[in-house]
Protein chains: 2
Amino acid sequence: MAVAVHKWVYRFDEGSTEMRDLLGGKGAGVAEMARAGMPVPPGFTITTEACRAYYADGAGSLPAGLWDQAMVALREVESRLGRAFGGAESPLLVSVRSGARISMPGMMDTILNLGLNEDSLGGLEAQTGDRRFALDAYRRLIQMFAKTVRGVAGEQFEEELEAARSRAGVQTDAELAPSDLEPLVHRFLEIYQAEAGEEFPRQVDVQLRLAVEAVFRSWQSERAIAYRRHEGIPDDLGTAVNVQAMVFGNLGDTSGTGVAFTRDPNTGAREIYGDYLPNAQGEDVVAGIRATLPISALRERQPETYRELTGYANRLEAHYRDVQDVEFTIERGRLWMLQTRTAKRTGEAAVNTAVDMVAEGLISREVAVLRVEPRQLEQVLHPRIDPAARAEVLARGVPAAPGAATGVAVFDPDTAAAWGREGRPVILVRISTSPEDVHGMIESGGILTSTGGTLSHAALVARGMGKPCIVGASGVRVDLAAKQLTAGGRVIAEGEELTIDGSTGAVYAGAVPTVAASQSPRLTTLLEWADAGRRLEVWANADYPRDAEKALANGAQGIGLCRTEHMFMEEDRLPIVQAMILASTREEREVELSKLLPIQREDFRGILRTMAGLPVVIRLIDPPLHEFLPEHEEVALHVARLCAAGADAAALEGPERLLNRVEELREANPMMGLRGCRLGILFPEITRMQVRAIMEAACALLAEGIDARPEVMVPLVGTVGEMSAQRREIEAVVAAVSAERGGTVPVRIGTMIEVPRAALAAAEIAGEAEFFSFGTNDLSQMTFAYSRDDAEAKFVTAYLEAGILASNPFETLDPVVVRLMSIAVEEGRQARPGLKVGICGEHGGDPASITRCHELGLDYVSCSPFRVPVARLSAAHAALRAEGA
Amino acid sequence: MAVAVHKWVYRFDEGSTEMRDLLGGKGAGVAEMARAGMPVPPGFTITTEACRAYYADGAGSLPAGLWDQAMVALREVESRLGRAFGGAESPLLVSVRSGARISMPGMMDTILNLGLNEDSLGGLEAQTGDRRFALDAYRRLIQMFAKTVRGVAGEQFEEELEAARSRAGVQTDAELAPSDLEPLVHRFLEIYQAEAGEEFPRQVDVQLRLAVEAVFRSWQSERAIAYRRHEGIPDDLGTAVNVQAMVFGNLGDTSGTGVAFTRDPNTGAREIYGDYLPNAQGEDVVAGIRATLPISALRERQPETYRELTGYANRLEAHYRDVQDVEFTIERGRLWMLQTRTAKRTGEAAVNTAVDMVAEGLISREVAVLRVEPRQLEQVLHPRIDPAARAEVLARGVPAAPGAATGVAVFDPDTAAAWGREGRPVILVRISTSPEDVHGMIESGGILTSTGGTLSHAALVARGMGKPCIVGASGVRVDLAAKQLTAGGRVIAEGEELTIDGSTGAVYAGAVPTVAASQSPRLTTLLEWADAGRRLEVWANADYPRDAEKALANGAQGIGLCRTEHMFMEEDRLPIVQAMILASTREEREVELSKLLPIQREDFRGILRTMAGLPVVIRLIDPPLHEFLPEHEEVALHVARLCAAGADAAALEGPERLLNRVEELREANPMMGLRGCRLGILFPEITRMQVRAIMEAACALLAEGIDARPEVMVPLVGTVGEMSAQRREIEAVVAAVSAERGGTVPVRIGTMIEVPRAALAAAEIAGEAEFFSFGTNDLSQMTFAYSRDDAEAKFVTAYLEAGILASNPFETLDPVVVRLMSIAVEEGRQARPGLKVGICGEHGGDPASITRCHELGLDYVSCSPFRVPVARLSAAHAALRAEGA
């Protein structure tokens with residue numbers, strides 16, 4: 001009776017790239033090359049299905065029929081090469097490697113040189129003419145086999161090697177002579193026996209079988225499981241096992257090994273690029289003992305082989321329609337193609353290659369857009385440290401705003417502002433920054449703080465300004481009084497140069513060469529293609545006309561967040577704002593507000609003019625008032641010192657009044673305190689002044705024929721009562737100014753959704769709000785109960801390391817925050833069909849979060865002007881991926 | 001063609017108490033008395049439906065047919081009394097009063113004495129033989145009519161009255177002679193004409209019609225709308241209008257007016273109780289010019305009438321099966337019943353009456369339970385100011401923990417603790433309290449703070465201890481240095497007596513007499529009936545054995561929250577806790593923790609022993625560590641002073657080390673900082689020590705044969721990763737101690753749900769938690785983004801006043817917080833069927849919130865031991881109401 005036998009084993013020439021699920025990535029790639037007739041060392045793949053079957057019965061045993069099929073395939077390899085597995089004359093050696101559908105680099109096991117025993121050792125020596133090589137291959141096999149198959153740690157082997165080297169008086173293993181290696185092999189066999197409790201298997205079939213099972217087992221190793229958890233790879237995929245004939249690049253001058261890219265991975269230039277090492281094996285390249293040659297060296301030495309190689313490489317690129325990274329070995333003049341995979345590349349290369357390949361007809365525009373990762377675009381958009389530069393890293397901090405900058409160290413904002421205005425490039429170095437530092441930050445080229453996280457003041461402001469920034473550089477000791485920093489044992493004083501890389505968090509002494517940001521026409525083209533593919537609009541957060549200009553230049557379609565309080569912080573306004581806060585009656589406050597009115601009006605006029613024809617969402621005052629005053633402790637210490645110095649009542653009056661007001665405004669948890677619309681409700685005169693400034697600015701522009709489109713946004717709304725109260729105030733001012741000016745500016749009134757309650761009461765609130773803008777910084781804070789000022793330094797970093805959090809919720813939208821947003825979008829739009837919904841939190845510039853925003857059906861994302869291109873690309877990725885492109 | 005005419009008007013004897021929706025409360029009550037044959041001044045009710053019809057067409061006009069029906073009913077009144085409306089000989093006067101289904105006291109309008117004009121004035125004089133009375137009735141009509149019908153403010157009338165009094169040289173209106181009143185009436189008619197732009201209507205039908213329409217209009221007055229908003233009364237109910245013949249109690253010695261309660265509203269004693277005023281009208285009683293007599297005076301003066309009255313009153317009580325509050329007037333020996341309604345009563349009377357009425361067979365046990373409002377029970381459970389006491393209120397604050405207490409003022413916790421231990425009754429007066437004040441609070445009889453809200457430290461701790469507490473008494477200036485307070489212009493120094501009423505927020509100077517808390521057997525009976533009716537279990541929050549004993553005595557079925565950090569605050573432990581926090585290595589920390597272990601073990605042993613056989617949920621450490629250290633500013637000022645005083649390095653070392661650590665632990669928003677399970681994860685040794693203490697205590701008790709049932713609760717969990725990490729730590733210690741002791745204590749491990757994210761990730765978290773306990777204090781804080789330390793004082797009070805919030809979310813569960821809880825309950829139980837869910841936030845003792853907990857299907861509520869009876873009753877109310885009882 002014939003039993004239908006399940007196929008567990010595929011020869012390389014039976015597979016193809018479409019069989020990736022069954023054969024794994026490596027198996028499918030090698031199969032594809034084999035099918036295309038390229039010279040691949042023969043071999044076969046045991047399927048992922050076999051791995052699943054291996055685990056299916058719980059015990060872990062090879063499924064019936066597998067081994068017979070493997071042996072048949074092995075015989076075919078022997079016959080193709082005319083070698084015999086375990087043969088004493090012309091032995092076949094094989095490698096056994098894992099290969100899952102999704103690459104898990106370094107996670108699973110590999111064994112090389114299987115098929116060596118005391119018989120075939122001689123054969124290998126005869127075949128290669130190199131006894132040292134054969135012995136070395138054997139001792140490597142024993143060590144690798146012991147570890148992988150029997151779990152024997154490497155220390156004892158390494159100690160023996162060390163002893164052998166010291167006996168021989170040499171530095172490297174490669175210098176060991178056959179006479180050194182022979183006793184070493186014996187010693188290795190003894191260690192194996194002692195540790196594994198059995199002899200090293202001399203039967204090569206047993207070696208192979210144990211190796212295959214070991215690879216299957218490595219799928220369930222702790223580190224592999226942990227890696228899959230981290231990367232979100234399902235546990236039930238299983239791994240394939242590739243058994244392949246060994247070839248050797250170290251058999252003389254006509255042998256060698258190398259890697260070839262089909263285009264330059266740094267620039268995207270269309271020419272073969274790579275490294276070549278004659279008379280060497282792959283692991284010699286990895287060990288880095290010998291310097292590699294450029295691939296052109298192969299062209300000079302073996303032009304035929306070079307032509308053959310480039311022919312194959314170009315065919316592979318055309319076949320995969322993407323840049324390939326090809327590994328090859330030349331064994332005594334014969335080229336063997338070992339592996340092909342999609343090449344990693346820089347941002348610049350990614351952009352250029354993607355656009356070029358469309359021109360070459362290889363890929364569509366949509367595929368080109370998807371070929372460039374948003375993170376790669378970031379590289380391109382900012383200056384970066386020259387990869388060729390050799391510079392000493394003094395310290396590392398949290399990369400908070402991308403780009404590299406060099407400047408002289410300055411430790412206070414006034415000097416930074418002064419020197420910056422004189423045109424000196426400045427790096428502002430602080431322990432942390434506060435709104436009072438902003439004028440110095442504006443004139444600096446980069447910011448470095450020794451404390452804080454990615455949502456600290458320094459980080460937020462720097463990203464908004466597009467300036468490189470490093471925060472939380474705990475290895476940098478900042479001495480503000482002495483005006484110097486100490487890091488990595490070096491002292492940098494005011495006026496001395498340093499360089500920061502806000503993309504990596506590295507701090508360097510002196511000036512390190514940088515590469516300028518790219519402004520290539522190909523980038524423009526790619527972004528235009530991205531725009532065609534996306535559904536989400538991309539707006540920008542901008543507080544000043546200069547930011548709005550940058551946003552427009554980068555393709556922003558509106559301003560999603562204009563923070564009015566930054567305007568309050570500027571030098572000429574802060575005294576008025578402080579006087580307003582210190583006012584003890586509404587009347588006094590209104591006097592100060594009337595001084596602010598013309599200033600705010602001009603601010604709004606500038607930004608509305610710049611954005612003519614596009615929406616500008618202006619948020620009413622948000623931060624707690626005490627942020628505009630000096631810190632409580634500072635004032636208290638000042639008063640205490642005055643008292644100690646015997647100051648009289650008159651001298652104390654002002655400081656004490658300030659202290660009292662600061663004390664009144666003091667809050668245990670200011671983030672959850674008197675701020676946002678709570679201020680606007682308790683002090684409606686502030687709301688009225690701000691709305692009047694907006695309306696007067698808009699009316700004046702309209703009179704000039706400029707299409708001003710202000711929208712008023714109420715912050716920190718949690719209940720519909722707050723929204724309707726603020727809405728009434730706003731509408732009254734809009735009506736009043738319209739009546740005064742005789743014009744009508746249609747002003748939309750909406751709210752931030754940044755308090756969890758607001759998201760859950762969206763239906764009610766949408767009745768009073770014409771648009772929603774998710775303030776996901778605060779929404780994430782409150783949903784997690786994480787104070788963004790402290791959480792990263794205090795515990796979020798530890799949580800990320802311990803795997804308690806999969807990602808930083810202040811960088812990438814948390815799924816539960818997304819759930820809240822989803823409730824708000826759905827219920828808000830049910831209550832008000834067509835409700836416009838956007839996001840203006842930091843997540844609005846984060847690629848993964850932009851995907852979530854697309855899925856949620858938002859109308860737009862708003863981010864820093866400098867991230868607009870990244871957001872445009874991310875939005876296109878989200879849309880194209882959702883369409884299955 | 002006959003048209004079916006809609007019935008808009010009901011004679012009193014056509015209605016009944018079941019027709020409350022149509023006739024309003026007053027109309028239905030009067031109708032019920034009329035139906036029962038009691039002597040009610042005849043009249044009729046215009047229905048609430050007519051009011052709705054009045055508004056239906058938008059313009060506000062009486063529906064067709066109504067007026068004709070009213071006139072028919074009026075003719076019947078005339079014929080019953082033998083008087084004529086507007087008649088010159090024996091005139092009928094009527095009152096017009098509103099009467100909605102739900103009482104809206106003082107919100108809507110009433111007009112008395114309608115039917116007076118120049119003709120009938122003489123008739124009234126002849127009828128009553130009292131010209132002064134007739135003229136006074138007329139001028140009152142003009143004034144009331146002007147205000148209600150024409151919106152004429154009362155000032156001009158009052159000025160004329162004032163002028164008349166001064167011309168006559170008298171103090172009160174009652175002393176004005178007819179010769180004074182005559183010109184006044186003319187002047188009133190002139191004012192009416194000038195202000196209303198028309199003559200005062202002499203036609204009495206026009207008077208009546210305008211009055212009826214005015215009452216309908218008053219339904220939509222601003223204050224009525226605002227009241228309905230506040231009380232949640234629908235706008236579309238409408239009001240009925242009652243037109244009733246006037247009777248007069250001021251026609252001589254055989255006339256009079258009064259109020260009778262069918263039982264004593266203070267004690268519930270079963271005897272007629274009330275006030276009587278001979279030869280007077282109801283408004284004289286209200287004006288308080290003459291002192292009323294006890295109702296017994298009527299028995300002596302007019303025994304027949306008294307018997308008639310008490311007969312009616314008792315019949316009404318039997319009919320309504322509840323204590324009645326009856327208004328009556330005697331006109332020349334003839335008793336008229338004007339109104340009957342359910343009597344308001346004290347908590348004591350409510351309890352006693354409810355239990356008595358069950359014994360009398362009037363009501364069921366369920367109805368008896370529903371008759372006592374939880375708020376009334378609170379009165380009974382705490383000492384209160386003697387209602388008879390006359391004392392000056394110095395200031396008012398936020399009532400934070402109920403009950404009254406008298407004691408000597410003390411301004412620091414150490415003195416409070418010392419004097420309290422000596423047996424002196426102490427009131428601790430502070431600006432605010434912190435954990436360092438707790439030892440003083442324990443020994444005080446009451447607490448008064450000049451700042452803070454209902455969730456401030458003082459309020460929370462006082463409620464937990466069952467001590468009267470007032471917070472946020474902003475009229476009290478506390479001078480801690482001088483050890484005195486100033487309030488209401490008085491100074492109270494240390495050692496001087498004061499009295500506080502934590503139920504009302506009133507602060508009194510000196511000792512004010514108080515009434516002790518009731519411990520009546522009838523209360524016990526009522527609570528047993530409540531227990532039979534409820535589904536929710538009632539647990540208590542208790543940190544010490546003495547609290548647990550109180551909880552047990554009050555009927556608690558478990559401890560829902562044992563806060564371990566309060567134990568840390570006690571004098572003997574705080575130095576160890578501080579040393580633990582100041583430890584710079586894990587090893588140092590573990591040394592200090594090992595000192596805490598035996599102390600905590602004894603704490604747990606005490607509470608577990610007390611609660612033998614019942615669950616005790618012990619929460620692991622929750623507050624941020626800096627709470628155990630002195631305040632940053634305090635330490636900074638101390639160091640600054642030391643420096644200023646020229647302290648040397650040795651003297652500075654300790655303080656500076658402390659300052660550094662306090663600085664490290666400092667957070668911008670500690671409520672959202674390093675606390676709860678975040679501490680337990682970063683410092684697992686603290687979790688391990690606490691769980692070991694719990695386990696060792698439980699094992700020791702088990703060895704004694706005591707059924708200890710500890711449950712371990714992890715605070716501030718937001719992600720399943722936190723829960724599983726803490727669970728692993730806890731399980732490891734449980735296993736280790738079980739192994740050491742050779743016993744097994746089944747320990748349930750659960751979590752607080754107090755972070756919004758946890759509620760929305762309940763399904764995941766339930767996979768790792770065996771129970772949920774809603775920490776609704778924090779959950780409300782985070783959901784609203786309101787810091788509970790400040791929000792009430794800074795803006796929540798203003799929001800409540802402005803109607804932006806309907807209730808204080810820290811007192812009564814907000815609907816959106818309830819929505820979050822509902823998601824957590826549903827999804828948590830889906831993931832883990834039978835998941836036990838309770839609440840341990842302050843809301844667990846709030847009656848309205850307990851109703852929500854019942855509806856959510858929670859298993860238990862946990863509250864202060866002192867609120868357990870209130871919670872038992874509230875839980876019964878929720879269950880009985882849900883069943884429609």
Side-chain angles (χ1 to χ4, degrees), chain A residues 632-633 636-637 640-641 644-645 665-676 678-679 681-682 716 718-722 724-725 754-761 778 780-791 794-795 798-799 802-806 809 814-817 819-820 823, chain B residues 632-633 636-637 640-641 644-645 665-676 678-679 681-682 716 718-722 724-725 754-761 778 780-791 794-795 798-799 802-806 809 814-817 819-820 823:
Chain A
H632 182 269
E633 194 164 310
L637 284 168
R641 279 189 211 104
L665 291 173
R666 201 178 185 194
E667 293 177 305
N669 299 284
M671 194 58 80
M672 304 196 289
L674 183 52
R675 51 175 285 241
R678 300 165 193 175
L679 281 174
I681 289 168
L682 263 62
L716 213 72
T719 64
V720 67
E722 292 170 318
S724 50
E754 53 186 337
V755 172
R757 195 184 186 286
L760 292 161
D778 274 358
S780 299
Q781 281 202 100
M782 308 303 175
T783 303
F784 274 88
Y786 288 176
S787 168
R788 70 186 191 204
D789 292 315
D790 300 305
K794 295 270 180 194
F795 57 86
Y799 273 19
I804 288 173
L805 286 174
D814 170 72
V816 170
V817 174
R819 181 179 180 184
L820 270 178
I823 291 170
Chain B
H632 183 269
E633 194 164 310
L637 283 168
R641 280 189 212 104
L665 291 172
R666 200 179 187 192
E667 293 176 304
N669 299 284
M671 194 58 79
M672 304 196 289
L674 182 53
R675 50 175 286 240
R678 300 165 194 174
L679 281 174
I681 288 168
L682 262 62
L716 212 73
T719 64
V720 67
E722 291 169 317
S724 51
E754 53 185 336
V755 172
R757 195 185 187 285
L760 292 161
D778 274 357
S780 300
Q781 281 203 99
M782 309 303 175
T783 303
F784 274 88
Y786 288 176
S787 168
R788 68 186 192 203
D789 292 314
D790 299 306
K794 296 269 181 195
F795 57 85
Y799 272 19
I804 289 173
L805 285 174
D814 170 71
V816 170
V817 174
R819 182 180 179 182
L820 271 178
I823 291 171

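Within every chain, numbering begins at 1; the chains are lettered A, B, ... in the order of the sequence lines, protein sequences first and strands thereafter. In this text the structure is predicted, and so the values were computed from the model without any measurement.
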> What part of A:D814 gets closer than 4.5 Å to chain B, counting heavy atoms only: side chain, backbone, both or neither?
Replying inline: side chain
>> For chain B, which candidate among A:E754, A:R678, A:R675 shows the most heavy-atom pairs at distances under 4.5 Å?
In response: A:R678
>> Using heavy-atom distances under 4.5 Å, tell me whether B:L805 contacts chain A through its side chain, its backbone, both, or neither.
In response: side chain
>> I'd like to verify something: which residue of A:P815, A:P670, A:A645 has the highest number of heavy-atom pairs under 4.5 Å with chain B?
In response: A:P670
>> Between B:I681 and A:F795, is the side-chain contact (heavy atoms from CB on, under 4.5 Å) condition met? List the steps.
In response: CA-CA 9 Å; B:I681 288 168; A:F795 57 86; over 6 Å; no
>> Within the structure provided, determine whether A:F784 and B:M782 are in side-chain contact (heavy-atom separation under 4.5 Å).
In response: no
> Is chain A contacted by the side chain of B:I823, its backbone, both, or neither, given a heavy-atom distance below 4.5 Å?
Replying inline: side chain
> With A:R757, which of B:V817, B:L820, B:T783 fulfils side-chain contact (heavy atoms from CB on, under 4.5 Å)?
Replying inline: B:T783
> Taking the side chain as C-beta and beyond, is there a heavy-atom pair between A:E667 and B:N669 under 4.5 Å?
Replying inline: no
> Which bit of A:L674 comes within less than 4.5 Å of chain B, counting heavy atoms only: side chain, backbone, both or neither?
Replying inline: both
>> What part of B:L682 gets within 4.5 angstrom of chain A, counting heavy atoms only: side chain, backbone, both, or neither?
In response: side chain
>> Minimum heavy-atom separation for A:V816 and B:A761, please, with both atom names.
In response: CG2-CB, 4.1 Å
> Which atom pair, heavy atoms only, marks the closest approach of A:G721 to B:I804?
Replying inline: C-CG2, 3.8 Å
> In terms of heavy-atom proximity below 4.5 Å to chain A, should B:A668 be classed as side chain, backbone, both, or neither?
Replying inline: both
> Between A:A759, A:P756, A:A802, A:A640, which residue shows the highest count of heavy-atom pairs closer than 4.5 Å to chain B?
Replying inline: A:P756
>> How long is the straight-line distance from CG of A:L665 back to NZ of B:K794, given to the nearest 0.5 Å?
In response: 5.5 Å
>> I'd like to know whether B:L637 forms a side-chain contact (heavy atoms from CB on, under 4.5 Å) with A:L637, so could you lay out the CA-CA distance, the side-chain angles of the two residues, the decisive distance to 0.1 Å, and finally the verdict.
In response: CA-CA 7 Å; B:L637 283 168; A:L637 284 168; 3.5 Å; yes
> So A:M672 and B:Y786, side-chain contact (heavy atoms from CB on, under 4.5 Å) or not? Walk me through it.
Replying inline: CA-CA 5 Å; A:M672 304 196 289; B:Y786 288 176; 5.7 Å; no
> Got a sec, which residues hit salt bridge (Lys or Arg N to Asp or Glu O under 4.0 Å) with B:R641, two or more places apart in sequence or on another chain?
Replying inline: none
> Partners of A:V720 by side-chain contact (heavy atoms from CB on, under 4.5 Å), sequence neighbours excluded?
Replying inline: A:E764, A:I765, A:E768
